[in-house]
Amino acid sequence: MIRKARVEDSKKIQEMINFYASKGLMLPRSLSSIYEHIRDFFVYAIDDGIVACAALHVCWEDLAEIRALAVQEGCDSKGIGSRLVRSCLEEAQQLSISKIFCLTYIPQFFEKFGFRIIDKNELPKKIWGDCINCIKFPDCEEEAMIIELDKASK
Ligand SMILES: CC(C)(COP(=O)(O)OP(=O)(O)OC[C@H]1O[C@@H](n2cnc3c(N)ncnc32)[C@H](O)[C@@H]1OP(=O)(O)O)[C@@H](O)C(=O)NCCC(=O)NCCS
């Protein structure tokens, strides 16, 4: 079941993100940063706890980012990652935000939802705050992708 995250989910969220961060697939997150942004997060809960997370982070008047998408190993390829992305897109629509971007090494995954690759320079400079602190900066191979939701369907 997908639900909004609760504060008590924070440590497990950090564990999942930092597991993939240690493999170079995501940026590591501090617990403090997760607490501060806990309202951004959706989680996928099963009986024993949560096994996946994703966050919709509002950046600007008409721009939000999907980030921190992680599905625990062993729970992947069951549609959980896709459901989390769709929940983020639905929330963006409810917030009347029509442009959602992501920075990713797996553009094939995001293309399924209608995201398209763009030049990173098309994103506001504000976005690069996190990147500057990344050890891979500026030689990062992540793709910037964006989707424009149908304003008419808001
Ligand atoms: C990427 C991730 C979120 C996908 O979650 P998931 O629950 O397995 O996704 P779904 O089951 O909804 O979709 C699976 C499909 O996504 C695509 N996909 C998943 N991982 C992929 C990858 N690394 N490269 C290319 N395509 C991928 C495939 O088409 C896959 O289909 P398959 O199961 O038939 O192989 C998950 O594998 C994960 O947490 N990966 C590590 C962290 C990460 O890279 N996060 C994304 C940061 S932007």
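Positions are given from 1, in the same order as the sequence printed here. Counting starts at 1 for both ligands and their atoms, in listed order. Computed from a prediction, not measured in an experiment: that's the story for all the values here.
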*State, to 0.1 Å, how close C102 and I66 come at their nearest heavy-atom pair, and which atoms those are.*
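So the two residues come closest at CB-O, 3.7 Å.
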Please work out which of [options] has its closest non-hydrogen atom nearest to [atom].
{"atom": "atom 48 (S) of ligand 1", "options": "I80, T104, L27, L69", "answer": "T104"}
{"atom": "atom 13 (O) of ligand 1", "options": "E142, M145, K112", "answer": "K112"}
{"atom": "atom 40 (N) of ligand 1", "options": "Y44, Y20, Y105", "answer": "Y20"}
{"atom": "atom 38 (C) of ligand 1", "options": "V85, V71, L84", "answer": "V71"}

*Kindly compute the distance separating CG (L69) from CG (L84), expressed to the nearest 0.5 Å.*
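CG of L84 is found 6.5 Å from CG of L69.
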*Quick one: pull up OH in Y20 and CD in E73 and give me the separation to the nearest 0.5 Å.*
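Output value for this atom pair is 5.0 Å.
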*Could you tell me whether a side-chain N or O of Q14 sits under 3.5 Å from a main-chain N or O of R29, the two making a donor and an acceptor?*
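Here the side-chain-to-backbone pair exists.
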*Any donor-acceptor pair under 3.5 Å linking the side chain of D62 with the backbone of S98?*
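Yes; at least one donor-acceptor contact below 3.5 Å.
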Among all protein heavy atoms, pick the one closest to [atom] and tell me residue, atom and distance.
{"atom": "atom 18 (N) of ligand 1", "value": "F109 CD1, 4.1 Å"}
{"atom": "atom 37 (O) of ligand 1", "value": "D76 CB, 4.3 Å"}
{"atom": "atom 7 (O) of ligand 1", "value": "G81 N, 2.8 Å"}
{"atom": "atom 11 (O) of ligand 1", "value": "G79 N, 2.7 Å"}
{"atom": "atom 12 (O) of ligand 1", "value": "S82 OG, 2.5 Å"}
{"atom": "atom 8 (O) of ligand 1", "value": "S77 N, 2.7 Å"}

Does some non-hydrogen atom of the protein lie less than 4.0 angstrom from [atom]?
{"atom": "atom 3 (C) of ligand 1", "answer": "yes"}
{"atom": "atom 16 (O) of ligand 1", "answer": "yes"}
{"atom": "atom 29 (O) of ligand 1", "answer": "no"}

*So is K4 actually on top of F41's ring, under 6.0 Å and inside 45° of the axis?*
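Ring-cation test returns no.
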_Would you say F42 ends up clustered with L89 if hydrophobic residues are merged whenever their side chains have heavy atoms under 4.5 Å apart, either directly or through other cluster members?_
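Same cluster.
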*Are M26 and F101 joined in one hydrophobic group, where the rule is that I, L, V, M, F, W and Y side chains link up if heavy atoms are under 4.5 Å apart?*
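No, it is not one cluster - the side chains of M26 and F101 are not joined through contacts under 4.5 Å.
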*Is Q108 in polar range of ligand 1, meaning some N or O pair under 3.5 Å apart?*
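No: no nitrogen or oxygen of Q108 is under 3.5 Å from one in ligand 1.
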*Can you sort out which atoms of ligand 1 are near A70, meaning under 4.0 Å from one of its heavy atoms?*
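Near A70, meaning under 4.0 Å from one of its heavy atoms, ligand 1 has 39 (O).
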*Give the atoms of ligand 1, by number and element, whose distance to some non-hydrogen atom of L103 is under 4.0 Å.*
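Those atoms are 48 (S).
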_Enclosure of R3 CZ (heavy-atom neighbours >12, cutoff 6.0 Å)_ =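 More than 12 heavy atoms, drawn from other residues, nucleotides or ligands, come within 6.0 Å of this atom.
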*Got more than 12 heavy atoms from elsewhere within 6.0 Å of CD, E8?*
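It does: E8 CD has more than 12 such atoms within range.
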_Under-4.0 Å heavy-atom contact with ligand 1, by part of I106 that carries it_ =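 Within the 4.0 Å criterion, I106 contacts ligand 1 through side-chain atoms alone.
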